[in-house]
Asker: 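Below you will find the structure I want to go over with you.
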Amino acid sequence: MKWGVVTFPGSLDDRDMLYALRDVMEQDAQPLWHKDRDLRNVDCVVLPGGFSYGDYLRCGAMARFSPIMESVVNFARRGGLVLGVCNGFQILCEAHLLPGALTRNRSLAFICERLTVRVENVNTPFTCAAQNGELLRLPIKHGEGLYVAPRDELRRMEDRGQVLVRYVNQHGEPSDDANPNGSMNSIAGVANDRFNVFGLMPHPEHAVEPMLGGDGGLRIFRSIVQSLA
Amino acid sequence: MYITPKRGVLDPQGRAIEHSLKSLGFHNVGQVRMGKYIELDVAAQSAEEAAGEVGRMCEQLLANSVIEDYRLEVEGA
C-alpha cells in the first residue's frame with residue numbers, strides 16, 4: 001500500500017512518521033506538501049504532529065484551509081483512510097472530518113510523557129491488528145489535548161464505538177489520575193462514524209522500536225496495512 | 001468580535017485566573033471565562049452588511065462553534 005505524509009509549515013513529526021513507515025514498517029511512504037492538491041494515489045494520508053501555521057488562532061484552524069486539505073477532505077468523503085496524530089488530530093477536528101475539538105490541557109501545562117492507552121474497538125482499519133482491551137504504551141507531547149464534544153454527540157460516539165483509544169491507569173482502567181489532560185471520558189483518540197478517519201493525541205510514530213522505549217505504535221500502522229491487504 | 005468558551009466547556013485558563021483573584025482577596029469573583037478579542041476593518045455599505053460579513057468569518061474561521069460562542073460589535077467609520 002502507499003502512504004502520504006503531509007508537511008505543513010510548522011509540522012515537526014513528518015520526518016519521524018516517514019521513518020516509522022519506511023524504515024521500520026518497510027512501506028512505500030512519500031512526503032506530501034501543504035500547497036499540493038495531488039495526493040498521488042496514496043491509500044492512506046497521514047497528518048503528523050507539530051504546530052502547523054504556528055497554531056495561531058486555534059490549533060489546526062489555519063491548516064484546515066491549506067490547498068492539500070481540500071483534497072484530503074474529498075479523499076476522506078470517498079472513504080479513503082486518514083490518520084491524524086496530535087496536531088493532525090486537531091486539524092481533522094477543525095476540518096470537521098472528526099467530531100469534537102481539542103482545547104487547552106486542564107493543567108495549562110505542556111505535557112511530555114509516556115502513558116498507557118487502552119484499545120476500545122478493534123473492528124476498525126486503525127485497530128484491527130490489536131486485541132480488544134489491549135494496553136499500548138505511547139508518548140504524548142502537547143499543550144492542547146483536552147478532548148471536548150457536546151454531551152449528546154459524545155453519547156452517540158460511545159454507543160457506536162468511535163472512541164478507539166482511552167487513557168488508562170496501570171490496571172487498564174480509566175481514572176482521573178491517569179487522564180493527562182482532562183479529556184472528556186478519558187478520550188485519547190476517536191474515529192468518524194464511517195471509521196475511515198482516525199485522530200489521536202499520543203504518537204504511534206515515536207513508539208516503533210524497543211530502543212525508543214517501546215513499539216506499541218506499530219499496532220496502529222500494522223492495523224492499517226492489514227485492513228488494506 | 002468577542003470569542004468566549006461556551007458555557008459548560010471546561011475553561012482552565014478562566015479557572016486559573018479565578019483562583020489567582022481569590023488568592024488576592026477578591027472573594028466575590030466567580031465563573032471567570034477567558035476568550036479572545038479580534039478587531040478588524042471591513043468595507044461595507046451598512047452596519048448590517050458588515051455584521052453579516054463578520055458573522056460568516058466567525059462561522060468559517062474565527063470561532064469554533066463546538067467550543068466557542070461569539071458576539072459582534074460594529075462601529076461606523
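In what follows, chains carry the letters A, B, and so on, assigned in the order in which the sequence lines appear, proteins first and then strands, with residues in each chain numbered from 1.
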Asker: With a strict 4.5 Å heavy-atom criterion, list every residue of residues 153-168 of chain A that contacts chain B, or say none.
Answerer: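 Those residues of residues 153-168 of chain A which would need a heavy atom under 4.5 Å from chain B do not exist here.
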
Asker: Look up atom NE2 in A:His96 and atom CG in B:Asn64, then write down how far apart they are to the nearest 0.5 Å.
Answerer: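 Answer for the NE2-CG pair, A:His96 versus B:Asn64, is 7.0 Å.
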
Asker: Below 4.5 Å, heavy atoms only, C-beta onward: do A:Arg104 and B:Met34 meet side chain to side chain?
Answerer: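 Of all side-chain heavy-atom pairs linking B:Met34 with A:Arg104, none is under 4.5 Å.
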
Asker: Just how far is it from atom CD of B:Glu68 to atom OG1 of A:Thr103, taken to the nearest 0.5 Å?
Answerer: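 It comes to 9.5 Å.
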
Asker: Who in residues 141-149 of chain A is close to chain B, using a strict under-4.5 Å heavy-atom cut-off?
Answerer: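 Those residues of residues 141-149 of chain A which have a heavy atom under 4.5 Å from chain B are A:Leu146, A:Val148.
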
Asker: So do B:Val66 and A:Pro150 actually touch side chain to side chain, heavy atoms under 4.5 Å?
Answerer: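 Sidechains of B:Val66 and A:Pro150: in contact.
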
Asker: Side chain from CB out, backbone as N, CA, C, O: work out which of these in B:Ile67 comes under 4.5 Å of a heavy atom of chain A, or both, or neither.
Answerer: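 Contact with chain A involves the side chain of B:Ile67 alone.
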
Asker: Quick check on A:Asp152: does its CG atom have over 12 non-hydrogen neighbours (other residues, nucleotides or ligands) under 6.0 Å away?
Answerer: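 Above 12, so yes.
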
Asker: If I take atom CZ from residue A:Arg106 and atom CD from residue B:Gln13, how far apart are they, to the nearest 0.5 angstrom?
Answerer: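 Separation between the atoms: 16.0 Å.
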
Asker: Which value, rounded to the nearest 0.5 Å, describes the distance between A:Met184 atom CE and B:Leu10 atom CG?
Answerer: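 These two atoms lie 9.5 Å from each other.
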
Asker: Check the surroundings of atom CD in B:Glu39: do more than 12 heavy atoms from other residues, nucleotides or ligands lie under 6.0 Å from it?
Answerer: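 For B:Glu39, atom CD is not crowded (no more than 12 foreign heavy atoms under 6.0 Å).
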
Asker: Counting only heavy atoms not in A:Tyr56 (residues, nucleotides, ligands), do more than 12 fall under 6.0 Å from its OH?
Answerer: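 At most 12 heavy atoms, drawn from other residues, nucleotides or ligands, come within 6.0 Å of this atom.
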
Asker: Quick one: what part of A:Arg151 sits under 4.5 Å from any heavy atom of chain B, side chain, backbone, both or neither?
Answerer: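 When you check distances to chain B, no heavy atom of A:Arg151 falls under 4.5 Å.
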
Asker: Is it the case that over 12 heavy atoms from other parts of the model lie below 6.0 angstrom from the NZ atom of A:Lys35?
Answerer: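 No - once you tally the heavy atoms of other residues, nucleotides and ligands closer than 6.0 Å, there are 12 at most.
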
Asker: Taking the side chain as every heavy atom from C-beta outward, state whether A:Leu57 and B:Leu62 have any atom pair closer than 4.5 Å.
Answerer: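 They are in side-chain contact.
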
Asker: Would you say A:Glu70 has more than 12 foreign heavy atoms packed within less than 6.0 Å of its CD?
Answerer: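 Result for CD/A:Glu70: open.
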
